[in-house]
Participant: 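Please read through the structure below; I'll follow up with questions.
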Amino acid sequence: MTATQNTAFSDRMAKVKARIAAACARSGRSPEEITLVAVSKTWPLADLESATAAGATDLGENYVQEAVDKITHWQGPAPVWHFIGPLQSNKTRQVAELFDWVHSVDRLKIARRLSEQRPPAKGPLSICIQVNISDDPAKAGVAPADVAGLLADMAGLKNLTVAGLMAIPAVDLTESTLRQQYGELKTLRDTLITTYPDCKALSMGMSGDFELAIECGATHVRVGSALFGQRSYPTEH
Ligand SMILES: *Cc1c(COP(=O)(O)O)cnc(C)c1O
């Protein structure tokens, strides 16, 4: 990455952070409550290093093989690595070994494997249960009504912590529907946290809606293109 591109990342990061701060101010929250996960899928390692040099503390990746290549070649202080993409059971081992967070767990089988394959020395893996808040057949995630049961089943898994809930809403929702669905996820989290005090995170909001998500209670926003630019080149996964 050239110096100009580096500056561009820093500029975009500053703008995103200012927008996060403004959304927090509007909703009476503190920016310290929000973790900005810089979604670096498709971008080369050099761009990720520029991102962390510019202050990105948390990076999000979607594709196991691409992420493994980046993480195993990483030099210097490691960021917090978040796996946010669909996860098949034959790929859980590398994710359990290399990541700090997995946002996209929606089956007990995947959670079991992650717990079994997590090296205990690394400490528990933080996971979010992905919830299909829009009841969209095209989207992954468990139905809101099934989350409590799944969490109860996962509670005994010793090498992972169910740290919160994650959602990817349907596209093209009106703003009021989106607010309502994010609000329902927050209500669900607020109920669960009374029994499961670790279940704190609300991973919701991307480049197009992170301010709205923060107003609705997000603790983790997953922002790609607003930080790195448009993902313009095709990938094969
Ligand atoms: C790609 C992706 C993002 C980031 O999307 P942008 O619109 O580029 O911010 C966030 N969350 C998930 C699950 C993604 O796959």
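Count residues from 1 along the sequence. Start at 1 and go down the list; that is how both ligands and their atoms are numbered. Every heavy atom of this structure was used, including side-chain atoms; hydrogens, water molecules and symmetry mates were not. None of the values given here were measured: they were computed from a predicted structure.
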Participant: Report the C-alpha distance between Glu116 and Arg112 in whole Å, list the side-chain angles of each, state the deciding distance to 0.1 Å, and finish with yes or no for salt bridge (charged side-chain N to carboxylate O under 4.0 Å, His left out).
Facilitator: CA-CA 6 Å; Glu116 279 161 17; Arg112 276 208 184 106; 5.8 Å; no
Participant: With a 4.5 Å cut-off on side-chain heavy atoms, are Val221 and Ile214 touching?
Facilitator: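 Yes - at least one pair of side-chain heavy atoms lies under 4.5 Å apart.
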Participant: Is any side-chain heavy atom of Leu185 closer than 4.5 Å to a side-chain heavy atom of Leu202?
Facilitator: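 Side chain of Leu185 against side chain of Leu202, heavy atoms only: contact under 4.5 Å found.
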Participant: Anything under 3.5 Å between an N or O on ligand 1 and a protein N or O? List each pair with its distance, or write none.
Facilitator:
unit_1   : atom_1 : unit_2 : atom_2 : d
ligand 1 : 8 (O)  : Ser225 : N      : 2.8
ligand 1 : 8 (O)  : Ser225 : OG     : 3.0
ligand 1 : 8 (O)  : Arg231 : NH1    : 2.8
ligand 1 : 8 (O)  : Arg231 : NH2    : 3.2
ligand 1 : 9 (O)  : Ser207 : N      : 3.0
ligand 1 : 9 (O)  : Ser207 : OG     : 2.5
ligand 1 : 9 (O)  : Gly224 : N      : 2.7
ligand 1 : 11 (N) : Arg222 : NE     : 2.9
ligand 1 : 15 (O) : Lys41  : NZ     : 2.7
ligand 1 : 15 (O) : Asn62  : ND2    : 2.7

Participant: Suppose we screen for side-chain contact (heavy atoms from CB on, under 4.5 Å). Which residues come up paired with Pro119, at least two apart in sequence or across chains?
Facilitator: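 side-chain contact (heavy atoms from CB on, under 4.5 Å) check on Pro119 returns Glu97, Lys122.
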Participant: Which pairs count as side chain to side chain donor-acceptor pair (under 3.5 Å) when at least one residue sits in residues 185-196, sequence neighbours excluded?
Facilitator: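 Side chain to side chain donor-acceptor pair (under 3.5 Å) check on residues 185-196 returns Lys186-Asp190.
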Participant: Could you work out, with side-chain contact (heavy atoms from CB on, under 4.5 Å) as the rule, every residue matching Ser225, not counting sequence neighbours?
Facilitator: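 With neighbours one apart ignored, the set is Ser207, Gln230.
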